[in-house]
Every structure is written in C-alpha cells, then in structure tokens.
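Contents: one structure, followed by commentary.
Residue numbers start at 1 and run along the sequence shown. Predicted model only: the values in this text are computed from it and were never measured.
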Amino acid sequence: MKAVGARLPRYDAMGHVTGTTQFVDDVRVPRMLWAKMLRSPHHHAAITRMDTSRAEAMPGVRAVITWEDVPLLTYGHLEALGIPADEPLLAKDEVRYKGQPIALVAAEDVDTAMAGVDAIDIEYSERPALFDVRKAFDSDSAQIHPWGNWYPHFEGEMDRRKIRKGDIDEAFEQADKIISGVYRPAAIEHVPVETQVCLAVPESDGRLTIYSCTQALYFTMGVIAAHLQVPLNKLKVVGGTVGGGFGGKVDTASDTVSALAAMKAGRPVKWRWTREEEFLASSTRAPWHMEIIDAVTDNGWILGRKMLTLHDSGAYARFSPYGVTKHSFHHTGAYTIPNLHFDGYVVFTNRVPTTAMRGFGVTSISFAVETHMSRVANELGMDPYEVRLLNANRINDTSPNRIRYTDPSTVDVLQSLAGAEGVQLEGAYAGMTRDPRSGDLLPDHLVGQLKTEGH
C-alpha cells in the first residue's frame with residue numbers, strides 16, 4: 001500500500017535519461033553477420049522467376065534465406081484463437097503489398113548484404129491493386145486474396161462480425177429524427193524510436209538465443225518455434241527494453257527470419273530495419289470506414305443504431321479479426337442503446353498488413369461515437385453534455401453483447417469533464433449518478449435491455 005498514490009521513480013528512468021539503457025541494437029557478439037531484405041517493389045504481383053545463385057556466390061555472403069528455407073511457411077499469429085493462417089513468412093508465388101519480404105541475405109557487413117540483395121535475379125508480373133475498402137465489394141474490383149476480398153471465418157463461417165440486439169425496425173419507426181454520419185480515421189504509423197531489430201545467436205548446445213525487441217516475449221517465442229518447427233526449449237528469447245512499441249512490436253517482424261539465417265550460416269545474425277523500411281513495411285494502425293445511423297427522439301434519447309464498419313486489414317488477416325471483434329463490442333461507446341444492428345467486415349487491400357495500436361479496435365470507434373454524439377446534440381439543438389448524460393451507461397444497463405454493467409463510470413467522467421470546462425449543468429444533470437435507472441431515466445424503450453444481479 002506504500003505505492004498507492006505515491007510518486008515513485010520509474011525503475012528504468014535513470015538509464016533512459018543518461019543513455020545507458022541497453023537496447024537490442026546495442027548487443028554485439030563475436031563473428032556477427034549483418035542482414036538485409038529483398039522486398040517487393042510492387043503492391044500486387046506474381047513472382048514469375050527468382051534465382052539467388054549470384055547472391056550466394058558473392059564473397060562475404062554467408063546465407064540467403066527464401067521461402068524454401070522455412071519449415072512452416074505460413075503460420076497465423078492467432079491460430080490458437082481460431083483465426084486461420086494466411087500470411088507466409090517470406091513471399092512464395094506472389095506479393096500483395098509494397099515492401100513485402102521475399103529473401104534475406106546475411107553477410108559479413110551491411111554493404112555486402114545489400115549488394116547480395118541487389119544480386120538476386122527476380123521477375124514479376126504485376127496485377128491490379130486494391131486500396132479502397134469501399135470498392136472491395138464491387139464485382140469488378142481486383143481480387144487479392146484466395147478467401148475473397150474480406151475475411152470469411154468468423155464463428156459459424158460468417159463473413160462479418162454481427163451484432164443484433166432488440167428490434168431495430170421498431171426503433172426507427174418510433175424515431176423523431178434519423179441522424180447519420182460517416183467517419184474515416186486514417187492509418188497511423190507507430191514510429192518507434194527503435195526500428196524493428198533482432199540478433200539471433202546459435203549456441204554450441206544446439207539452442208538459439210534470440211535478442212528481440214518484442215512487446216510480447218512468450219507470444220513471440222511461440223511464433224518462432226512454430227515457423228522453425230522446433231520445441232520451445234530449443235529457443236532462448238531475450239527481451240529487454242522496447243524502444244517504442246505501441247502495439248506494433250507484437251508482429252514478430254524480424255525474429256524468425258533472423259533465426260533462420262543464423263541457423264543456416266552457423267553464425268550470429270543481426271537484422272536491423274532502416275527508418276525507410278519501418279515506414280514502408282512495418283504494420284500500421286488500420287484505416288477504418290464507419291457508418292453510423294441513429295434513431296433518436298426530439299428530447300435526446302437514442303432508440304437504436306445501425307452501423308457498418310469496414311476495417312482495412314491490408315494484405316493479410318494478421319490480428320484484424322480480433323480487432324474488429326473488440327470494435328463491435330464497443331460500438332455504442334459509453335452509452336446505452338437498446339436496439340442494434342452492427343455489421344463489421346475485415347477487408348483485404350494491397351496496403352501493408354495492419355495491426356494493434358493503443359486500444360486496438362476501440363480507439364477508432366471511440367472517435368466515431370463521440371464525434372457522432374456531438375452531431376446528434378447539434379442536430380437536436382441540445383447541450384452535448386446533456387445528450388451524453390441522458391444516454392450514459394448505468395448499473396444494470398447492458399452492453400451491445402448483453403453484458404450487464406456493474407460499475408460504469410460514464411456519468412462521473414462526464415460531470416468531471418463539464419466541471420473542468422466550466423460548464424454549468426442543469427440541476428437534474430448535475431445530480432445524476434451511475435445508480436440503476438428509475439423514473440424519468442427509465443423510459444419504456446430501455447426497460448427490456450436491463451439485467452439485474454443474478455439474472
């Protein structure tokens with residue numbers, strides 16, 4: 001209890017501010033090789049020919065890794081959650097985004113490794129590319145994924161994440177106004193100060209020591225072991241200080257290929273991404289397309305919501321089905337809406353695959369919901385705090401997936417925000433609490449969605 005409310009120094013603060021913290025790129029071992037990656041120059045293309053013999057014959061080149069060197073080429077990060085694999089570690093027959101990794105060269109120094117990359121003979125046949133999730137459903141759009149242009153493997157082999165609650169048609173029949181909006185937050189690059197980097201060291205006992213910048217050490221270890229088809233006890237993954245992650249360093253972007261190169265060369269291999277590579281090929285927060293249509297009353301109640309979400313997954317599924325699932329459960333924000341019709345699609349495009357970033361799946365919907373709540377208030381001519389407080393989650397209200405709220409904080413937070421902004425709430429709104437609904441705060445349309453303790 002001594003720590004609660006106390007101003008405690010961060011355990012790693014001194015090292016950070018004095019520059020003595022050791023990151024993965026600071027680790028050096030004897031006989032270390034340096035690696036560089038051949039990446040796709042095209043957004044979408046077939047690989048019609050690849051010959052690595054010139055690179056392999058170059059003085060100073062110690063290993064060239066292609067898809068043929070990977071024991072298990074395609075492994076899904078979330079296979080344990082039922083999300084099937086679709087992304088090869090290294091491209092085999094085609095590339096689906098600019099910067100996709102194809103072949104790694106490990107050499108005595110960076111310049112030789114880069115020369116080895118340039119010496120790989122490779123030919124492509126370009127294909128039409130798709131960049132706009134809204135066009136993915138058109139019959140004449142470019143087809144970029146064998147599953148189709150959107151993910152089809154939600155539970156029950158559904159092609160979308162669906163939520164249905166209440167009677168949406170009745171809600172819209174009873175509404176005084178229909179208020180709609182479209183919200184499209186763009187992709188965001190994580191921009192870590194430390195780019196993706198890994199050092200893989202083969203040990204004399206046959207194990208591999210892997211120095212990784214991962215955010216999720218045991219998760220990464222499992223992914224590496226799966227690709228390499230080795231037991232976990234053959235790997236020692238050394239984490240440490242992550243020089244900026246924010247979600248982007250759960251992708252195991254550099255570890256597995258570095259490990260393969262170290263195994264093939266029989267020497268330590270370090271692969272450090274350049275800043276250009278980080279911007280080109282590292283995963284981003286996804287762009288989203290969100291359409292919200294609310295059925296509302298003139299006095300501020302939201303009776304029902306229809307919502308369509310298109311999540312830009314990029315070229316492969318990676319973590320996106322999980323992100324859209326979280327997104328769907330939060331699509332009403334901090335507010336209670338009893339009648340819902342939600343469809344969320346994971347759409348494939350020829351962008352870099354997208355991934356987690358700070359509140360994965362939830363940040364985007366929070367932006368859309370709060371922007372839309374202000375739009376509702378504006379169109380009704382009401383105070384935006386009052387519209388929010390009226391519809392705020394309270395004890396015994398239920399979430400979109402019918403989970404009972406036991407300790408919602410929406411009312412308290414809104415009142416605190418109003419106070420901080422100097423907004424004087426009317427008496428009824430100033431005195432509202434999170435307590436279960438009753439009286440004027442329990443109109444007929446909210447009765448059916450309530451759940452009491454034990455029910």
Side-chain angles (χ1 to χ4, degrees), residues 29-75 85-127 195-202 206 208 210 223-224 226-230 252-274 276-277 280-282 315-316 350 352:
V29 296
R31 304 179 67 239
M32 188 175 75
L33 302 174
W34 292 87
K36 284 292 181 179
M37 179 64 74
L38 170 66
R39 296 184 179 276
S40 168
H42 304 296
H43 297 290
H44 193 200
I47 299 174
T48 57
R49 175 178 173 273
M50 184 167 69
D51 183 356
T52 61
S53 58
R54 281 203 306 141
E56 292 168 326
M58 287 181 61
V61 170
R62 302 297 176 230
V64 178
I65 304 298
T66 70
W67 68 268
E68 295 179 284
D69 297 291
V70 189
L72 179 61
L73 182 62
T74 303
Y75 177 74
D86 69 328
E87 182 176 6
L89 183 67
L90 294 169
K92 181 181 178 182
D93 299 317
E94 64 174 352
V95 288
R96 294 189 201 160
Y97 66 93
K98 190 173 183 178
Q100 184 167 353
I102 301 172
L104 188 83
V105 176
E108 296 290 346
D109 54 62
V110 172
D111 289 342
T112 303
M114 197 67 250
V117 168
D118 293 338
I120 295 174
D121 294 318
I122 187 166
E123 296 175 2
Y124 307 89
S125 175
E126 284 196 70
R127 295 171 173 171
T195 61
Q196 297 282 351
V197 60
C198 175
L199 170 61
V201 183
L208 270 175
I210 300 169
V223 172
I224 298 170
H227 277 299
L228 269 53
Q229 293 288 278
V230 299
T252 322
S254 55
D255 303 326
T256 308
V257 186
S258 300
L260 285 165
M263 293 169 64
K264 190 169 185 177
R267 287 174 58 179
V269 172
K270 176 175 281 188
W271 180 24
R272 178 182 61 205
W273 292 29
T274 65
E276 181 181 5
E277 283 182 293
L280 172 68
S282 70
Y316 299 96
N350 292 111
V352 63

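- Listed by chain and residue number, nothing satisfies the ring-ring contact (aromatic ring centres under 6.0 Å, His included) test with W34 (two or more places apart in sequence, or in another chain).
- Using a 4.5 Å heavy-atom cutoff, the side chains of L228 and M263 are in contact.
- Among residues two or more places apart in sequence or in another chain, the side chain to side chain donor-acceptor pair (under 3.5 Å) test is passed with D51 by S53.
- Side-chain contact between M37 and V257 is present, with at least one heavy-atom pair separated by less than 4.5 Å.
- For residues 37-46, the set of pairs meeting the salt bridge (charged side-chain N to carboxylate O under 4.0 Å, His left out) definition, not counting sequence neighbours, comprises R39-E277.
- Residues forming a side chain to side chain donor-acceptor pair (under 3.5 Å) with T112 (at least two apart in sequence, or on another chain): D109.
- Partners of T256 according to the side chain to side chain donor-acceptor pair (under 3.5 Å) rule, which considers only residues two or more places apart in sequence or in another chain, do not exist here.
- Contact between G116 and V105 at its shortest, heavy atoms only, is C-CG2, 3.9 Å.
- Every ring-ring contact (aromatic ring centres under 6.0 Å, His included) that H43 has, sequence neighbours left out, goes to F131.
- For the pair P202 and A200, the tightest heavy-atom approach, listed with the atom from each and the gap, is CD-O, 3.9 Å.
- Under the side-chain hydrogen bond (donor to acceptor under 3.5 Å, both in side chains) criterion, the residue pairs touching residues 60-71 are R62-E108, D69-K264, with sequence neighbours excluded.
- In this structure a side-chain-to-backbone donor-acceptor pair under 3.5 Å is present from T195 to W273.
- Annotation: side chain of L260 is in contact with side chain of P71 (closest heavy-atom distance under 4.5 Å).
- For residues 95-124, the set of pairs meeting the ring-ring contact (aromatic ring centres under 6.0 Å, His included) definition, not counting sequence neighbours, comprises H42-Y124.
- Checked against side chain to side chain donor-acceptor pair (under 3.5 Å), D255 has the following partners two or more places apart in sequence or in another chain: S212.
- With sequence neighbours left out, the salt bridge (charged side-chain N to carboxylate O under 4.0 Å, His left out) criterion links R54 to D121.
- Contact of the Y75 side chain with the V223 side chain is registered, since non-hydrogen atoms from C-beta on lie closer than 4.5 Å.
- Considering every non-hydrogen atom in both V64 and V61, the closest pair reads CG2-CG1, 4.0 Å.
- Here CG of L280 is found 9.0 Å from OG of S40. Values are rounded to the nearest 0.5 Å.
- Pairing each heavy atom of Y316 with each of Q100, the nearest pair is OH-NE2, 2.9 Å.
- Applying the salt bridge (charged side-chain N to carboxylate O under 4.0 Å, His left out) criterion to K270, with sequence neighbours excluded, gives D25.
- Surrounding CD of E276 are at most 12 heavy atoms belonging to other residues, nucleotides or ligands under 6.0 Å away.
- Annotation: the span from I120 atom CD1 to D118 atom CG amounts to 9.0 Å, rounded to 0.5 Å.
- Minimum heavy-atom separation, P268 to R31: CD-O, 3.7 Å.
- Only one option out of V269, V29, I210 pairs with L199 in a side-chain contact (heavy atoms from CB on, under 4.5 Å); it is V29.
- What you find for W271 and S258 is that their closest heavy atoms are CB-OG, 3.4 Å.
- Checked against salt bridge (charged side-chain N to carboxylate O under 4.0 Å, His left out), E94 has the following partners two or more places apart in sequence or in another chain: R96, R127.
- One distance of note links CG of L73 with CD of E87; it measures 10.0 Å at 0.5 Å rounding.
- Of the candidates V95, L90, I65, V95 is the only one forming a side-chain contact (heavy atoms from CB on, under 4.5 Å) with I102.
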